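Reviewing the structure listed below.
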Amino acid sequence: MKILSPEQLKRVETQTITIQDIELINLMERAANAILNWLKSKIDVSKNSFTIICGVGNNGGDGLALGRLLWEEKANVKIYLQKNNSYSLDNLTNQKRLKDLKIPFEYYDETTKLEIIPNSILIDAIFGYGLNRPIGDEWKPIIDQINQSPNTVISVDVPSGLFCDQLNSEKDPIVESEVTLTFQTPKLSLLIPENQQYVNEFEILDISLDLESIEKEDSQLGYFSMNYVPQFYFKRPKFSHKYDYGNVLVIGGSYGKIGASLLAAKAVFKSGAGLVTMYVPKCGYSVIQTALPEAMVQTDFSDEMITKFPNVERYDTIVIGPGMGTDEKTYRAFEEFLSENDLSDKKLIIDADGINLLSNHPNLLEKLPKETILTPHDKELERLIGSWENSYDKIEKIQSFVQSHELVIVAKGFITQTFLANGEAYFNSSGNPGMATAGSGDVLAGIIAGLYAKQYNASEAAIFGVFLHGFSGDVASQQLGEESIMATDLINYIPVAFKTLFG
Ligand SMILES: NC(=O)C1=CN([C@@H]2O[C@H](COP(=O)(O)OP(=O)(O)OC[C@H]3O[C@@H](n4cnc5c(N)ncnc54)[C@H](O)[C@@H]3O)[C@@H](O)[C@H]2O)[C@H](O)CC1
Ligand SMILES: [K+]
């Protein structure tokens with residue numbers, strides 16, 4: 001799903017109106033109905049109260065229309081409208097509809113003490129994507145009353161005061177919403193960690209904007225959600241053997257960190273690869289033979305670390321890094337491996353210490369095959385590309401890095417972002433805080449490798465691998481709760497995740 005700017009959304013809106021032969025007021029009614037239906041799916045609206053705070057534009061218009069629909073559903077509703085001498089056309093139409101039905105509303109200005117119905121759901125419909133400058137301090141008293149109220153706050157489209165695609169200043173008054181119900185496409189600001197305090201969680205509501213018009217808009221940013229999963233369905237042909245599903249080599253592990261490579265290798269198997277070989281220092285040999293009898297094991301000469309990389313001729317996919325360490329001997333082995341092998345037809349996934357080695361010796365980056373997948377967390381990423389000022393700057397820096405080096409970067413975080421070699425970035429929608437646990441990243445590298453080894457290309461393996469990893473975490477948390485999830489659970493729930501996604 002594309003992430004669009006306010007200008008693009010406006011264009012799509014205008015085209016939708018022409019193509020569907022409707023008026024903007026009809027879209028506004030759809031938007032209000034979408035919110036009503038969402039509310040009805042959660043609560044009995046007729047037994048609830050709502051305090052709706054509306055602005056002067058179309059976001060306010062959505063709020064007025066919602067007030068009318070809730071009134072018709074026999075909910076207890078109090079509607080506030082900003083006192084002004086200029087309203088959008090459809091805001092005015094909705095004011096008239098309220099008046100025609102004798103549904104009362106009150107005006108407010110910056111001095112008003114809002115009378116929020118106790119225990120009501122507070123609907124924030126002051127500003128939406130039309131915000132074109134920071135809202136001034138005059139808004140502080142109203143926004144403060146909303147944020148300090150004990151009521152549940154639901155924001156329409158965007159928390160009021162929050163820009164859609166640029167950073168706010170810390171001083172800006174912004175509504176802190178419990179849930180943001182955003183229309184049709186996610187707004188970039190909803191996905192940015194700096195805005196956590198305002199966004200908490202969001203849901204995308206379909207208002208049937210014209211999909212072709214959305215497709216025509218140029219955007220390098222996308223949001224990968226459940227709707228896109230079916231295209232990743234893959235059915236194993238009846239007459240197939242293990243070699244059809246990739247031959248994967250996992251290079252990693254060091255004394256005390258054999259577990260990391262083991263987690264990665266298990267995840268490779270669970271995501272469907274045919275054969276897995278592990279290359280570890282000697283101390284890992286019996287551990288792996290016992291813990292993962294399905295894997296073949298080759299060992300380094302060293303007991304404790306990798307000092308020479310193996311011959312990789314027969315493998316098509318190679319994971320490098322989990323638990324490997326950054327000893328100088330390991331680094332030299334890694335450099336020799338990259339310089340002396342023709343890896344152009346190999347699929348490489350580099351994680352953890354493998355990435356740290358690349359950061360210390362950036363000349364090695366040029367030796368990686370095209371579309372090598374790197375899976376850094378923030379610290380590893382910073383070592384690799386340098387620091388960034390904020391999340392928007394981070395996106396731009398990663399985009400230029402992947403384009404200049406022709407790499408794929410999976411930037412891990414609460415909302416993981418996958419950057420393709422052409423600069424496109426996909427924000428992931430699955431996962432939960434329970435997955436912030438040791439070994440989770442090793443599992444992700446393994447899942448991506450397992451998919452890459454099969455029929456998926458680098459971009460697909462990275463984007464879908466990230467989703468599958470998060471989804472396994474979601475299934476695991478439904479069964480176990482977030483608190484107790486361990487990396488091993490993420491692996492154990494991959495089969496349930498596959499089954500839930502593809503039946
Ligand atoms: N396609 C859709 O998704 C649809 C969304 N709808 C809703 O419409 C709003 C966008 O409405 P718009 O009238 O363009 O803007 P706002 O209501 O967000 O802004 C109101 C108004 O305020 C002015 N303004 C901007 N910045 C400031 C400021 N800092 N201080 C004071 N005033 C400011 C600006 O000039 C605007 O006119 C969208 O979010 C949805 O909620 C449609 O209802 C259906 C289609
Ligand atoms: K809003």
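For reference, positions follow the sequence shown, starting with 1. Treat the numbers as computed from the prediction; the structure is a model and nothing was measured. Every number for a ligand or one of its atoms is a count from 1 in the order of the listing. Note that these values count all heavy atoms, side chains included, but never hydrogens, waters or copies made by symmetry.
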From [X], does some N, O or S atom reach closer than 3.4 Å to the K ion (ligand 2)?
| X | result |
| --- | --- |
| F127 | yes |
| G63 | no |
| T180 | no |
| V156 | yes |
| S160 | yes |

Side chain, backbone, both or neither: which applies to L209 and ligand 1 if a contact is any heavy-atom pair less than 4.0 Å apart?
side chain
If you measure from each non-hydrogen atom of R133 to ligand 1, which part falls under 4.0 Å: side chain, backbone, both or neither?
both
What about the rings of [X] and [Y], do their centers lie closer together than 6.0 Å?
| X | Y | value |
| --- | --- | --- |
| Y129 | F127 | no |
| F464 | Y233 | no |
| F427 | Y223 | no |

Nearest 0.5 Å, please: how far is [atom2] in [Y] from [atom1] in [X]?
| X | Y | atom1 | atom2 | value |
| --- | --- | --- | --- | --- |
| R11 | L4 | CZ | CG | 9.0 Å |
| I52 | I126 | CD1 | CD1 | 12.0 Å |
| T51 | I116 | OG1 | CD1 | 6.5 Å |

Greater than 12 external heavy atoms within 6.0 Å of E212's CD:
no
Among D442, D351, D378, which residue meets the salt bridge (Lys or Arg N to Asp or Glu O under 4.0 Å) test with K412?
D351
Those atoms of ligand 1 less than 4.0 Å from some heavy atom in [X]:
| X | value |
| --- | --- |
| G57 | 13 (O), 17 (O), 20 (C) |
| D62 | 6 (N), 7 (C), 40 (C), 41 (O), 42 (C), 43 (O) |
| I135 | 28 (C), 29 (N) |
| P134 | 29 (N) |

Just to confirm my output: which protein heavy-atom neighbour is closest to [atom], and how far is it?
| atom | result |
| --- | --- |
| atom 18 (O) of ligand 1 | G128 N, 2.6 Å |
| atom 32 (N) of ligand 1 | F127 CE2, 3.5 Å |
| atom 39 (O) of ligand 1 | D157 OD2, 2.6 Å |
| atom 25 (C) of ligand 1 | N132 OD1, 3.2 Å |

Measure across S120 and I117 and return the closest heavy-atom pair with its distance rounded to 0.1 Å.
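For S120 versus I117, the nearest heavy atoms are OG-O, 2.6 Å.
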Considering [options], which one's heavy-atom position lies nearest to [atom]?
| atom | options | result |
| --- | --- | --- |
| atom 11 (O) of ligand 1 | N58, L205, I126 | N58 |
| atom 5 (C) of ligand 1 | R11, E13, E29 | E13 |
| atom 15 (O) of ligand 1 | G130, G61, C54 | G130 |

For N/O/S atoms only: which one belongs to D124 and is nearest the K ion (ligand 2)?
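Per the distance ranking, D124 contributes O as its closest N/O/S atom to the K ion (ligand 2).
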Hey, what's the ring geometry for F401 with H405, parallel, tilted or perpendicular (30° and 60° as the breaks)?
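Geometry flag for H405 against F401: tilted rings.
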Ignoring hydrogens and angles, state whether a donor on the side chain of S46 or D44 is under 3.5 Å from an acceptor on the partner side chain.
yes
